[in-house]
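Accompanying notes for the structure given below.
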Protein chains: 2
Amino acid sequence: MTKTTTGPGRPRRKDPDAVRQALIAAARDHFAQGSFKTVSVREIARAAGVNQAMVNYYFGDKRGLYEAMLEETIGPLIRVLEEAEARGEVARLEDLIPRHAAMLAANPWLPNLIIREVLYGESDFRNLFIEKFASRVAGALRRAIDGGRDKGELRDDLDPRFGTLILFSLTIYPFVARPIVERAMEIPIDDAFAGRWSEQILQLLAPSKPPPEDDD
Amino acid sequence: MTKTTTGPGRPRRKDPDAVRQALIAAARDHFAQGSFKTVSVREIARAAGVNQAMVNYYFGDKRGLYEAMLEETIGPLIRVLEEAEARGEVARLEDLIPRHAAMLAANPWLPNLIIREVLYGESDFRNLFIEKFASRVAGALRRAIDGGRDKGELRDDLDPRFGTLILFSLTIYPFVARPIVERAMEIPIDDAFAGRWSEQILQLLAPSKPPPEDDD
DNA sequence: ATAAAAATTAAACAGTCGTTTAATTTAATC
DNA sequence: GATTAAATTAAACGACTGTTTAATTTTTAT
């Protein structure tokens, strides 16, 4: 007779890697809502529908799961950015800003994850995030800003040292502080937000006056 | 013979309230570095130099300590803002922005505390923060913006709905994401930063062209 | 002077955490 | 077909958590 009740033993093979993937997906969602320490292995395993010991079996320990989750979630995003940059698709601010905003809007777990682990010194994923992600985006923004200034597409009264920080603040904060934005300012962060917000940012950084028609 | 060794018993009276105050100060510093859940009462009590049972004796439970800490730390800040507003000292953006930036720079635990509990749904201090603090600052900013626009001191191509969000993003993000700013952008957030940053923000929002000399 | 209240301590309690172990079942190998 | 390896389970382990308790000392009130 075939086994029907649940119990120990190797399962009658389904997709290998299914358990691994389920754990990573559950980990991503849970670590976006809570920190490394506050989210428990039991929680994640329950959400993934697997035994909690599977975490240690597949990833060694809780930290191993977190790192694997990072690689499989922000890894692809970084690669997309690198490729777009190599093809010159994000050299201009008009391309980079909407792209960045859309990416944040499409991956609501990302800003949570970043801010949480950057603020939290408890686990030392700080360096990983800063070096692998923040520095890369900052570099792309910096190059786009320098290019825009050289071509006169950017207002000239900006301290170049602060340009990147202005862009970072404007593009990231609304997504990070979403509850404040939606409730204290009553601005819904919906599908349309990323587009309108990008326009506003670009307008803020445009040259202070359009070239008059009668001169140059 | 007088008692010399440590042990149970009422102490030979020092400042009443000393234990309470020590616990609140230690709680403020620890909750700025970790969340409500990750920081243990043993940690706080050890840092305050008192027995861990004092937390329950004076505040009932851990949550009571957290709430008392909030009242005695952000409480005064809110009152200062209210009084300044009543005296009309923050009606203009030129006054409000440097004041806000200086306040954040002077209380480095504040943005950490706010962002942490707003992002963390685990404890429900969200409402408290949003209603008592964020909404108040947002309101002051909104009024200052409206006033500035009416008097022509503000550029006219801003969506008024987004004005507050722009200011919030620019004034808060650098302090919230301090590690990213200092390491990925290499901008030190030191004593001089708040002033220079405020100038930059005001310049960004100034009318696109200063009134020409030959016409009103 | 005596009794009651207040403040403090060390110890214990019950719950949760991440991890390990032993048992068990299926798949792969020879 | 027998043996070994892989995958899964329930249970246990020790560490840590917030809280409570009983004992102890000092202060206050009668």
Side-chain angles (χ1 to χ4, degrees), chain A residues 1-24 26-27 30-31 33-69 120 122-125, chain B residues 1-24 26-27 30-31 33-69 120 122-125:
Chain A
M1 176 195 160
T2 58
K3 187 173 74 89
T4 53
T5 60
T6 57
R10 182 167 178 161
R12 227 150 306 146
R13 95 127 120 190
K14 45 186 174 181
D15 179 23
D17 222 45
V19 173
R20 211 187 118 93
Q21 287 307 119
L23 276 173
I24 284 184
H30 279 73
F31 283 130
Q33 301 300 326
S35 75
F36 180 73
K37 200 172 181 182
T38 59
V39 173
S40 77
V41 170
R42 282 173 171 83
E43 259 182 273
I44 297 174
R46 192 177 340 112
V50 306
N51 188 281
Q52 54 158 311
M54 292 294 94
V55 168
N56 302 94
Y57 183 76
Y58 280 104
F59 304 98
D61 55 11
K62 186 185 186 181
R63 186 186 182 82
L65 169 59
Y66 192 97
E67 284 173 359
M69 178 274 291
Y120 269 77
E122 315 182 44
S123 52
D124 36 327
F125 299 117
Chain B
M1 175 192 161
T2 58
K3 185 173 76 91
T4 53
T5 61
T6 57
R10 182 166 180 164
R12 216 120 351 114
R13 94 125 119 192
K14 44 187 175 181
D15 178 23
D17 223 45
V19 172
R20 211 188 120 91
Q21 287 306 118
L23 276 173
I24 283 183
H30 279 73
F31 283 131
Q33 301 300 326
S35 73
F36 180 73
K37 200 172 181 182
T38 60
V39 173
S40 75
V41 304
R42 280 174 172 83
E43 263 181 88
I44 297 174
R46 192 177 340 113
V50 307
N51 189 282
Q52 54 158 309
M54 291 296 91
V55 168
N56 303 93
Y57 183 78
Y58 281 103
F59 304 99
D61 56 11
K62 187 185 185 181
R63 187 184 180 85
L65 169 58
Y66 192 97
E67 283 173 359
M69 178 273 291
Y120 270 78
E122 317 182 44
S123 50
D124 37 325
F125 299 117

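Chain naming here is simple, since letters A, B, ... match the order of the sequence lines and numbering starts at 1 in each.
- Remark: P of D:dT19 and NZ of B:K37 are 13 Å apart, rounded to the nearest angstrom.
- The interatomic distance linking B:R42 (CZ) with C:dC13 (P) rounds to 14 Å, in whole Å.
- To the nearest 0.5 Å, the span separating CZ on A:F59 from CG on A:L23 amounts to 5.5 Å.
- B:Q52 and B:A45 make their closest contact through CA-CB, 3.5 Å (heavy atoms, listed as atom of the first residue, atom of the second, distance).
- For the atom pair B:M69 CE and B:H30 NE2, the distance stands at 11.5 Å (nearest 0.5 Å).
- Taking atom CG on A:N51 and atom P on D:dA12, their separation rounds to 15 Å, with Å as the unit.
- In this structure, CZ of A:R46 is placed 11 Å from P of C:dG18, rounded to the nearest angstrom.
- Side-chain atoms of B:D61 come within 3.5 Å of backbone atoms of B:G64 as a donor-acceptor pair (strictly under, hydrogens ignored).
- Counting only distance, with no hydrogens or angles, the side chain of B:K62 and the backbone of B:F36 share a donor-acceptor pair below 3.5 Å.
- Here D:dT17 presents its C1' atom at 17 Å from CZ of B:R63, a figure rounded to the nearest Å.
- Against DNA chain C, the stretch residues 52-61 of chain A makes heavy-atom approaches under 4.0 Å through A:Q52, A:A53, A:N56, A:D61.
- If you take CZ of B:F36 and P of D:dT17, they are 14 Å apart, rounded to a whole angstrom.
- Going from atom CG of A:L23 over to atom P of C:dG18 covers 13 Å, rounded to whole Å.
- In plain terms, the two heavy atoms of A:A26 and A:I44 that are nearest each other are CB-O, 3.7 Å.
- Rounded to whole Å, the distance from CZ on B:R20 to C1' on C:dA6 is 16 Å.
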